[in-house]
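Proteins come first, then strands; the chains are lettered A, B, ... in the order of their sequence lines, and each starts at number 1.
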There are 2 protein chains.
Amino acid sequence: MTAPLHEARANGPGRALPDTQQGMRRRNLARVMHAVSAEGSLSRAAVASRIGLTRAAVSTLVDELIRTGLLEELGPERPGRVGRPGSALAVSGRGPAGLGAEVGVDHLAVCVVDLRGEVRARIERQGTNRGRSPEPVIEELTGLVRRIVAEVEREGLWPAGLAVAVPGLVARDGRTVVAAPNLDWHDTDLGALLPAELALTVDNEANFGGLAELWLGENTPHDFLHVSAEIGIGAALVVDGSLLRGTRGFAGELGHVPVHPDGPECVCGGRGCLEQYAGEEAVLRAAGLEPGGDRVGLLAGRAADGDPDVRRALREAGTALGIALTGALNLLDPEEVVLGGALAGLAPWLLPALETELARRTAGPPCPVSVSRLGSEGPLLGAAHSVVRAVLDDPAAVAGRG
Amino acid sequence: MTAPLHEARANGPGRALPDTQQGMRRRNLARVMHAVSAEGSLSRAAVASRIGLTRAAVSTLVDELIRTGLLEELGPERPGRVGRPGSALAVSGRGPAGLGAEVGVDHLAVCVVDLRGEVRARIERQGTNRGRSPEPVIEELTGLVRRIVAEVEREGLWPAGLAVAVPGLVARDGRTVVAAPNLDWHDTDLGALLPAELALTVDNEANFGGLAELWLGENTPHDFLHVSAEIGIGAALVVDGSLLRGTRGFAGELGHVPVHPDGPECVCGGRGCLEQYAGEEAVLRAAGLEPGGDRVGLLAGRAADGDPDVRRALREAGTALGIALTGALNLLDPEEVVLGGALAGLAPWLLPALETELARRTAGPPCPVSVSRLGSEGPLLGAAHSVVRAVLDDPAAVAGRG
DNA sequence: ACTATTTCGTCATGGCGGTTTACAAATTAG
DNA sequence: CTAATTTGTAAACCGCCATGACGAAATAGT
């Protein structure tokens with residue numbers, strides 16, 4: 001079952017797959033899983049009324065899910081109302097789990113999330129990967145993966161797939177890193193370097209960060225822009241609850257939106273791209289600091305101390321971000337902008353200028369800008385949860401594998 | 001059945017509707033209609049292999065569609081291959097039809113498209129609507145609608161819905177014109193002014209133009225940007241074969257993407273928006289011409305005559321468009337950009353500067369830019385076809401109404 | 001010509017999936 | 001302690017598609 005778990009996408013009129021009774025069953029199994037998962041604990045009757053099937057039908061679906069170990073029965077609910085109390089169902093804390101990994105510029109991280117959404121294990125290794133070739137890095141990552149898998153297997157969990165977040169552009173095949181400038185990786189097929197027995201998905205860290213925000217954020221809407229700056233500036237475009245990836249998978253390159261069209265030249269070939277004003281290197285230079293080390297922490301520290309150069313640099317970055325975002329908001333009309341990744345930590349000094357700029361350039365009420373609660377954990381969590389979601393989206397595909 | 005025909009949208013995991021056998025049947029009916037419609041004429045066996053059902057199942061589906069008048073049997077196919085020839089099926093040229101209307105700044109137009117996609121009637125009325133209040137304009141439009149409906153009813157067609165294209169922002173309810181600056185309409189509920197018996201959809205003309213391109217364009221991909229300039233500059237964002245509308249329905253406002261952030265002030269509150277450089281008024285001013293009359297024709301004529309001021313003005317507009325599009329392409333990564341509406345007619349003089357700018361600012365191969373074949377007919381055709389698509393998307397909803 | 005082969009459309013049968021209906025179990029309200 | 005309410009399950013039913021077989025209508029080969 002290395003089949004395309006992720007392809008639950010419905011394409012406009014008439015999906016590619018025939019509409020058969022088995023497909024119906026599979027979709028209804030998924031609906032039950034989602035209902036229980038969203039609520040934490042639910043009786044059969046509650047599931048039935050929530051997804052619009054009859055209690056009898058839900059009973060058979062639940063039976064099947066319990067048999068395959070994806071749901072478990074917690075026993076009778078506390079009866080608050082009149083009538084026979086229902087029997088609480090919950091997503092199983094054992095069985096398939098999501099394996100998420102992050103290849104950062106300065107670290108590697110792996111975590112396991114169970115179907116309930118709980119983080120069950122996490123390993124991290126500090127140390128720069130800048131300029132290292134993919135093979136040793138992925139070999140090291142594989143070591144971490146094997147360790148963590150062995151660890152959680154003792155708790156009855158097994159990995160239903162592996163999702164890897166990388167700081168770069170990823171092709172739509174979900175395996176190939178087309179370009180990761182800060183790692184100096186180009187056209188690298190991670191599928192060839194990772195254990196073949198794990199169903200693999202590779203994606204941009206901004207995208208996984210955006211998905212984490214969508215799935216784990218407190219009041220996150222279904223349409224928003226998740227802006228994430230690490231070294232480059234990327235954005236995840238979440239439209240109607242799913243990621244906009246673009247034809248080649250390169251959507252969301254906010255960093256290369258022109259801000260001052262006659263500005264300084266950029267590596268992308270353009271001039272005056274946002275990255276020239278709000279990218280990490282540009283901000284450090286504008287603040288009179290040297291790159292290297294924990295750069296974001298350094299910036300935040302100096303800004304908190306009131307360093308005027310740093311404050312000014314961040315204000316200017318915020319203004320540039322505001323200009324680029326004005327364009328994006330006019331094009332996409334999202335419900336919200338969420339600042340994630342390194343931007344979350346610098347938000348206090350970026351936000352005022354950013355919001356001023358948005359307000360100046362918008363006719364109606366400006367789009368609200370919020371700061372991610374997840375911060376730099378977003379991509380890792382998003383990756384692991386994407387595997388979990390794939391299981392919830394098609395429980396039948398996973399059943400009987402454990 | 002004024003029910004939301006358009007809501008065939010699938011929301012992420014687990015659609016809102018329960019997955020029942022009747023739903024399955026409805027979706028399969030739609031699949032048959034789409035298959036036949038896409039091919040023009042198809043036998044039952046060909047439909048079956050195309051949509052993945054068995055011949056027996058398709059037979060019953062086709063029977064039902066023939067009984068309700070949506071399909072018709074053309075008789076035996078010309079046998080080119082061995083074996084019994086199939087019986088050709090075609091979408092009916094009678095029965096439900098799509099009614100499309102366009103409220104332009106300088107004209108009104110209405111047309112009827114049958115399920116086969118043929119334009120069966122068309123009425124147009126020239127005359128400016130600038131500054132007229134909505135009531136008399138829509139009253140006049142209603143008159144045209146009634147005339148054209150009476151006309152096509154004699155051919156056995158009846159309207160399955162009415163779609164209206166307007167030059168302005170439309171709310172997501174698909175009825176309310178939030179702002180149409182060139183008509184000076186604000187927060188106008190067209191549903192209250194049009195015959196209630198017609199299922200109504202109102203949308204931006206750029207959006208309908210984009211849909212027309214998607215459905216009728218020659219080699220149009222599923223992901224593209226349709227840029228349409230009439231007075232303002234709007235874009236339709238087609239992602240994975242469907243329109244990106246935005247939370248409020250305001251997506252695609254390319255005209256207010258900042259191009260020179262310190263440029264002249266714009267009505268939107270911003271500065272240096274694309275519209276300041278490539279909007280009709282700006283181009284006319286830059287070319288030293290007075291607004292009024294057939295302005296696009298005037299520009300095209302002068303440009304063709306080699307008028308240097310006009311040529312320069314169009315070059316500069318092309319450059320500005322290129323800058324704004326660079327931002328859009330970085331965000332959306334579409335497969336193509338299509339110039340439609342008035343831009344199509346001016347393309348010869350806009351394209352060189354536009355493409356130069358895109359090439360300069362893009363690292364990889366630049367996104368191809370093409371010119372719409374439909375030109376200014378796009379919005380009207382898109383509107384009418386959107387009704388037709390709604391019928392094809394759910395034939396069961398319409399069956400038995402005729 | 002005449003037969004074998006291929007393909008098409010249809011019919012009868014069957015399996016599968018959700019609904020309907022009925023009922024026992026478990027709780028609260030009075 | 002009874003009536004009312006809600007839950008979960010079982011049995012009968014209906015609808016939908018798959019399967020397999022068949023006649024019909026064409027081509028290919030002898």
Side-chain angles (χ1 to χ4, degrees), chain A residues 14-15 17-32 35-36 39 41-67 71-89 395-396 399, chain B residues 14-15 17-32 35-36 39 41-67 71-89 395-396 399:
Chain A
R15 317 205 239 350
L17 300 140
D19 219 328
T20 172
Q21 298 185 103
Q22 291 143 56
M24 185 168 98
R25 182 82 179 169
R26 281 170 65 165
R27 289 190 295 274
N28 281 334
L29 287 168
R31 295 259 278 288
V32 172
V36 175
E39 222 56 32
S41 156
L42 226 48
S43 71
R44 290 168 176 76
V47 171
S49 77
R50 170 172 292 245
I51 68 179
L53 295 177
T54 59
R55 298 200 308 272
V58 169
S59 260
T60 75
L61 291 163
V62 165
D63 281 354
E64 186 173 335
L65 290 168
I66 288 180
R67 257 202 323 281
L71 284 186
E72 53 189 38
E73 192 126 27
L74 298 181
E77 285 176 328
R78 287 274 153 271
R81 302 173 308 286
V82 58
R84 170 179 167 178
S87 178
L89 301 167
Chain B
R15 316 204 240 351
L17 300 140
D19 220 328
T20 171
Q21 292 187 320
Q22 292 145 57
M24 185 168 96
R25 180 84 178 166
R26 280 170 65 164
R27 289 190 295 273
N28 281 334
L29 287 168
R31 296 260 280 288
V32 172
V36 175
E39 221 55 31
S41 157
L42 225 49
S43 71
R44 290 169 175 75
V47 171
S49 76
R50 171 173 291 246
I51 68 179
L53 295 178
T54 60
R55 298 200 308 270
V58 169
S59 260
T60 74
L61 291 164
V62 166
D63 282 353
E64 186 173 336
L65 291 168
I66 288 180
R67 254 202 325 281
L71 284 185
E72 54 190 38
E73 192 126 27
L74 299 181
E77 284 176 330
R78 286 275 152 272
R81 303 172 309 286
V82 58
R84 169 180 169 178
S87 178
L89 301 167

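Atom CG of B:Asp63 and atom C1' of C:dC11 are 12 Å apart (whole Å). Note: CG (B:Leu61) to C1' (D:dG15) measures 12 Å, nearest angstrom. As a whole-Å value, the separation of B:Ile66 CD1 from C:dT10 C1' is 14 Å.
Taking 4.0 angstrom as the limit, A:Thr54 places a side-chain polar atom (N or O) nearer than this to OP1 or OP2 of C:dT19. Residue A:Thr20 has no polar side-chain atom (N or O) positioned under 4.0 Å from OP1 or OP2 of D:dC17. Between B:Asn28 and D:dC16, a side-chain N or O to OP1/OP2 separation shorter than 4.0 Å is absent. The phosphate of C:dG9 has neither OP1 nor OP2 within less than 4.0 Å of any side-chain N or O from B:Ser59.
Under the 3.5 Å distance criterion, the side-chain polar atoms of A:Ser43 are matched with a main-chain donor or acceptor of A:Ala46. Of the possible donor and acceptor atoms, none in the side chain of B:Asp19 sits under 3.5 Å from a partner among the backbone N and O of A:Arg25.
Of the residues near DNA chain D, B:Arg25 and A:Gly83, the one whose nearest nucleotide (by heavy atom distance) lies more toward the 5' end is A:Gly83. With the nearest nucleotide of DNA chain C identified for both A:Val82 and A:Met24, A:Met24 has the one nearer the 5' end.
Scanning atom types as modelled, no donor and acceptor separated by under 3.5 angstrom connect the side chain of A:Gln21 and the base of C:dG17.
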Are any protein N/O atoms closer than 3.5 Å to N/O atoms in nucleotides 22-24 of chain D? If there are, list each pair with its distance.
{"residue": "D:dG23", "atom": "N2", "partner": "B:Arg84", "partner atom": "NH1", "Å": "2.6"}

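Within the 4.0 angstrom heavy-atom criterion, base atoms lie near B:Ala56.
For the side-chain contact (heavy atoms from CB on, under 4.5 Å) with A:Leu71, the qualifying choice from A:Val32, A:Asp63, A:Val47 is A:Val32, the only one to do so.
Set against C:dG18, D:dG8, D:dC17, the side chain of A:Arg44 has D:dG8 as its closest nucleotide.
Screening residues 74-89 of chain A for side chain to side chain donor-acceptor pair (under 3.5 Å), with sequence neighbours left out, gives A:Glu73-A:Ser87.
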